[in-house]
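Proteins come first, then strands; the chains are lettered A, B, ... in the order of their sequence lines, and each starts at number 1. Hydrogens, waters and symmetry mates are skipped; everything else that's a heavy atom, side chains included, is used. Fair warning: this is a prediction, and the values are worked out from it, not measured in the lab.
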Amino acid sequence: MMNLDFLSDVQRKAVTTTKGPVLVLAGAGSGKTSVLTNRVAYLIKEKGVSPASILAITFTNKAAREMRERIEKLTGAAAGDIMISTFHSMCARFLRYDADKIGYDRNFTIYDSADCKTVLKRILSDKQLESNILTPGRCMSVISAAKNACAKEAPENYIEDVCEGYSEDMKAVYHAYTERLRAENAMDFDDLLLNMLRVLEEDPKTRSYYTNKYEYVLVDEYQDTNSVQYALVKILSEKHGNIFVVGDDDQSIYAWRGADIRNILDFEKDYQDTTVIKLEQNYRSHERILDAANAVISKARERKGKTLWSARKEGPKPRVYTAPNEYAEAEFVAKEIDRLVREGKSYADISVLYRMHTQSRVLEEKLRTYGIPYQVYGGQSFYERKEIKDMVAYLTVLENEQADTAFLRIVNTPKRGIGEISIEKLRNYAQERGMSLIDAMEYAEEFIGSGASGKFSGCIQVFRDIREMSEGKSLGEQMEVVFNASGYREMLLLQDSTEAETKIENIEELINSAYTFEKQNPEATLADFLASISLISDMDTTAEEGSVTLMTLHSAKGLEFDTVFLVGMEENVFPSRRSIAEDKVDEERRLCYVGITRAKQLLYLTNCASRNLYSGSNENHPSRFLDDIPEGMLDILAAPAPVRRAKEPKQTVVFKPQIEFKPQVKADSASFAVGMEVEHTKFGRGAILSISGEGTQRVASIKFPDGERKMFLSFAPLKIVE
DNA sequence: CAGTGATGTGTTTTT
DNA sequence: CACATCACTG
């Protein structure tokens, strides 16, 4: 018998109620993952359910991976056969088999949002529709929203409703975009879900295959599902009816991406005889933190209503600090981290959370000054770098010749003397004949002079070479062929700059990841590899040991830290300007709740009296969320600086930053050696006593005037003294 | 066709 | 302020 004694009564009920629909309303830190994983283990070990008939869906690859690992620990190797996947990868995998049923080739390409924006940009400029309202970004969100709503309403009607005044243009863009992707045998993220739904709706055989196969369906973060995901879940569970969803309406923060909070609020109406289980005991934080969290969330309008409580009654109250500006705020954060670490916390225990990525810059600057190792999540991802996207574009064209968007990206990279005008002629020619650009190149003489058509022959030759040389090769080898035969490596070598060198390193890292991928998935095809690249983000990388974590509040969901700094608690920052303007503050409120409940032990809430937003400085009022927490629950570290009376001399703790942004000449971490004399921007001169570790983890013990310190060589602002 | 400098523009969150 | 796009020159 499986031992479930470590679970609470309600948790155990959630694990062992295996039949019929179950809705688990799981507050933050209430042991939801434990319930989910133990339930799967229970199904297999106690109920004799075959692993292959279990489908568990998450929202991030990281969550999926962690769930698999934990289930493996509980059940052993059998976990390999369970389908544990994100909505998007699940659909991508299904569609590799089923895409032909709705008229796609099974080797379809997945375009990420950057690719889609490129497509839209081209459509807008072709149709001469570019304007302030019709920007690629805005079109993208309208189209995405229309597709997400599509399980309820026809996209045309949706656009009509939403784009009052310019809906005709918008519809034209929508159709052109849809046709383009179809012609390129490509799908965007939304299409993955939507097309899978269509397959299930239109092909009864496929539908019964999947609905028979999956006897138990589990969905994590159900509050984040949109209408298409809702419909998918509904269909996939229709045969056996064992649908188990876990979520927290208070943590619904993706409405802007089409998530519909009604999905969780109405679950009981949608599924007859639902067992509802509430997990309200929090095992993560102490009561002082939960008090603050409850104070903030209790003002949200629409809730199922839950109150988190913890058995841990005592702990430090959340600390509030008001800085004069964002530099002082960052300085405060860095100083506190430095102090906490000296008191025994480790860097990995600490996280700094902000509303938007741009806030990380100042923080990074200060953390570097203090020699604090950190890791920033999100922002520009590895796979979004130009050189990586270029390499991926070559592979995409290799796999799917219809992928014009990918082709256009690299037709003249490296430079082959093919300019805009030639490309324009090529596009027209291809358009008229309904052929792909790469095929149209063969007929260059028909639409362009002999000089320019020679350039195209050169390009044709490049692709031919790549194809010939990569014939029968493995993924990693194919990638190397592309890097060399495309002339990309040569181009970078010729630039002979440090930037070019990093680009080469990045591409080599990509090649490495291809080798790793094929080792881990021996059956995998090029299309699979490309799909994994477009669906895996930096968010999925595991935390580096020994670093402070910097990330947005959105990406912090599902994580926990001993100490959390929630910075930028100001009106117009958090809640964001836009959410205030559009009357969508409730979602920000939930986001704040998510942020607060990440902290296990120590929580800091900081804000600035003034902040440089775009140009010039803005005086910002403290966030309404701060006001919502009764003062007695907080530990106010500095009196809030007066906002209105700016002329008054600034009282209290005005920070004197010890070092103002000195551009730092930082030595390469490999060049340090024991015995060297070095200079630190903050601690002054010192001597290296010893060095251990490798790469970014290389740590040196250094004797400074005020004592001995250990620091990461790759992070510390150190200079070698000659 | 490519590379340079000037002008303008627009800002959240992400699978 | 950072970034993209545009116009101009080589």
Side-chain angles (χ1 to χ4, degrees), chain A residues 57-64 85-92 110-114 116-118 121 125 130-133 135-138 140-141 144 147-148 187-194 221 224-226 228-229 252-259 353-362 377-381 383-384 412-424 451-452 455 531-540 551-557 568 572-582 584-585 587-588 590-592 594-595 611-618:
Chain A
I57 310 174
T58 63
F59 272 82
T60 67
N61 297 292
K62 192 177 178 187
S85 177
T86 64
F87 272 106
H88 295 271
S89 342
M90 172 184 81
C91 292
I110 303 169
Y111 280 166
D112 66 20
S113 19
C116 298
K117 264 192 189 156
T118 311
K121 222 178 199 170
S125 92
E130 280 162 315
S131 70
N132 288 336
I133 23 170
T135 62
R138 218 166 275 182
M140 191 72 244
S141 38
S144 177
K147 284 183 180 176
N148 286 332
M187 299 187 195
D188 64 19
F189 289 148
D190 300 319
D191 289 335
L192 290 172
L193 307 176
L194 204 47
E221 309 279 18
D224 289 335
T225 49
N226 64 32
V228 178
Q229 289 160 336
S252 156
I253 54 174
Y254 285 106
W256 55 275
R257 215 171 73 189
L353 307 180
Y354 36 77
R355 179 65 242 268
M356 47 195 174
H357 283 303
T358 47
Q359 289 172 264
S360 77
R361 245 193 55 219
V362 179
Y377 277 75
Q380 213 217 17
S381 107
Y383 298 105
E384 280 164 19
N412 199 31
T413 315
K415 298 272 182 293
R416 303 189 173 97
I418 301 171
E420 237 172 276
I421 297 174
S422 307
I423 290 171
E424 203 45 45
K455 305 278 171 65
S532 88
I533 286 180
S534 46
L535 292 172
I536 283 172
S537 72
D538 272 12
M539 226 46 93
D540 299 316
M551 60 181 144
T552 63
L553 285 154
H554 281 88
S555 33
K557 193 166 66 141
N572 295 321
V573 175
F574 189 35
S576 72
R577 222 170 103 201
R578 201 157 151 185
S579 71
I580 296 171
E582 292 175 9
K584 302 231 168 89
V585 179
E587 178 142 321
E588 303 276 305
R590 295 191 291 265
L591 191 55
C592 183
V594 167
R611 169 186 300 270
N612 288 320
L613 273 179
Y614 7 89
S615 50
S617 87
N618 283 34

Please report the distance, rounded to the nearest Å, between [atom1] in [X] and [atom2] in [N].
X      : N      : atom1 : atom2 : answer
A:I580 : B:dT12 : CD1   : C1'   : 13 Å
A:K147 : B:dT14 : NZ    : P     : 21 Å
A:E582 : B:dT11 : CD    : C1'   : 13 Å
A:L353 : B:dT13 : CG    : C1'   : 13 Å
A:L591 : B:dT13 : CG    : P     : 11 Å
A:M140 : B:dT13 : CE    : P     : 17 Å
A:R138 : B:dT12 : CZ    : P     : 10 Å
A:Q359 : C:dC1  : CD    : P     : 18 Å

Handout entry: ring pair (Phe, Tyr, Trp, His ring centres under 6.0 Å) assessment of A:F59 paired with A:H88
Key = CA-CA 8 Å; A:F59 272 82; A:H88 295 271; 7.9 Å; no
Could you work out which one of [options] sits closest to the side chain of [X]?
X      : options                : answer
A:T552 : B:dT13, B:dT15, B:dT12 : B:dT13
A:T60  : B:dT15, B:dT12, B:dT14 : B:dT15
A:S113 : B:dT12, B:dT14, B:dT15 : B:dT15

Just the table, please: protein N/O against nucleotides 2-5 of chain C N/O, every pair under 3.5 Å.
| residue | atom | partner | partner atom | Å |
| --- | --- | --- | --- | --- |
| C:dT5 | OP1 | A:K121 | NZ | 2.5 |

Handout entry: Check: A:F87 main-chain N/O paired with A:Q229 side-chain donor or acceptor under 3.5 Å
Key = no
Taking only N/O atoms, report every protein-nucleotides 7-10 of chain C pair under 3.5 Å with atom names and distance.
none

Exercise for the section: Mind checking A:F59 for me? I need base, sugar-phosphate or nothing, with any heavy atom below 4.0 Å counting as a touch. Expected result: sugar-phosphate
Exercise for the section: Taking atom C1' in both B:dT12 and C:dT5, compute the distance separating them and give it to the nearest angstrom. Expected result: 23 Å
Exercise for the section: Could you measure between the two C1' atoms, the one in C:dA4 and the one in B:dT13, and give it in whole Å? Expected result: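 The answer is 22 Å between these two C1' atoms.
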Handout entry: Distance (rounded to the nearest 0.5 Å) between A:I423 CD1 and A:I418 CD1
Key =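 Taking CD1 in A:I423 and CD1 in A:I418, the distance rounds to 6.5 Å.
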Any side-chain heavy atom of [X] sitting closer than 4.5 Å to one from [Y]?
X      : Y      : value
A:F574 : A:L553 : yes
A:R355 : A:H554 : yes
A:N61  : A:S89  : yes
A:R611 : A:N572 : no

Handout entry: Under 4.0 angstrom between A:H357 side-chain N/O and B:dT14 OP1 or OP2
Key = yes
Practice task
Respond yes when some side-chain nitrogen or oxygen of A:R578 is under 4.0 Å from OP1 or OP2 of B:dT12, and no when none is.
Solution key: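 For B:dT12, OP1 or OP2 has a side-chain N or O of A:R578 closer than 4.0 Å.
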Problem - B:dT14 base stacked by A:Y254 (centroids within less than 5.5 Å, tilt under 30°) - result: no
Problem - Exceeds 12 heavy-atom contacts within 6.0 angstrom, atom CD1 of A:I580 - result: yes
Fill in the blank from the handout: Residues at least two apart in sequence or cross-chain that pass side chain to side chain donor-acceptor pair (under 3.5 Å) with A:R578, listed by chain then number, are A:E582
Practice task
Please identify each residue that fulfils side chain to side chain donor-acceptor pair (under 3.5 Å) with A:Y111, with sequence neighbours left out.
Solution key: A:E184
Between N or O atoms, less than 3.5 Å apart, protein on one side and nucleotides 1-6 of chain B on the other: list the pairs.
| residue | atom | partner | partner atom | Å |
| --- | --- | --- | --- | --- |
| B:dC1 | OP1 | A:G419 | N | 2.7 |
| B:dC1 | OP1 | A:S422 | OG | 2.7 |
| B:dA2 | OP2 | A:N412 | ND2 | 3.4 |

Problem - Partner set under side-chain contact (heavy atoms from CB on, under 4.5 Å) for A:A92, not counting sequence neighbours - result: A:I110, A:L192, A:L535
Exercise for the section: May I have the step-by-step check of salt bridge (Lys or Arg N to Asp or Glu O under 4.0 Å) for A:D224 and A:R257, ending in yes or no? Expected result: CA-CA 9 Å; A:D224 289 335; A:R257 215 171 73 189; over 6 Å; no
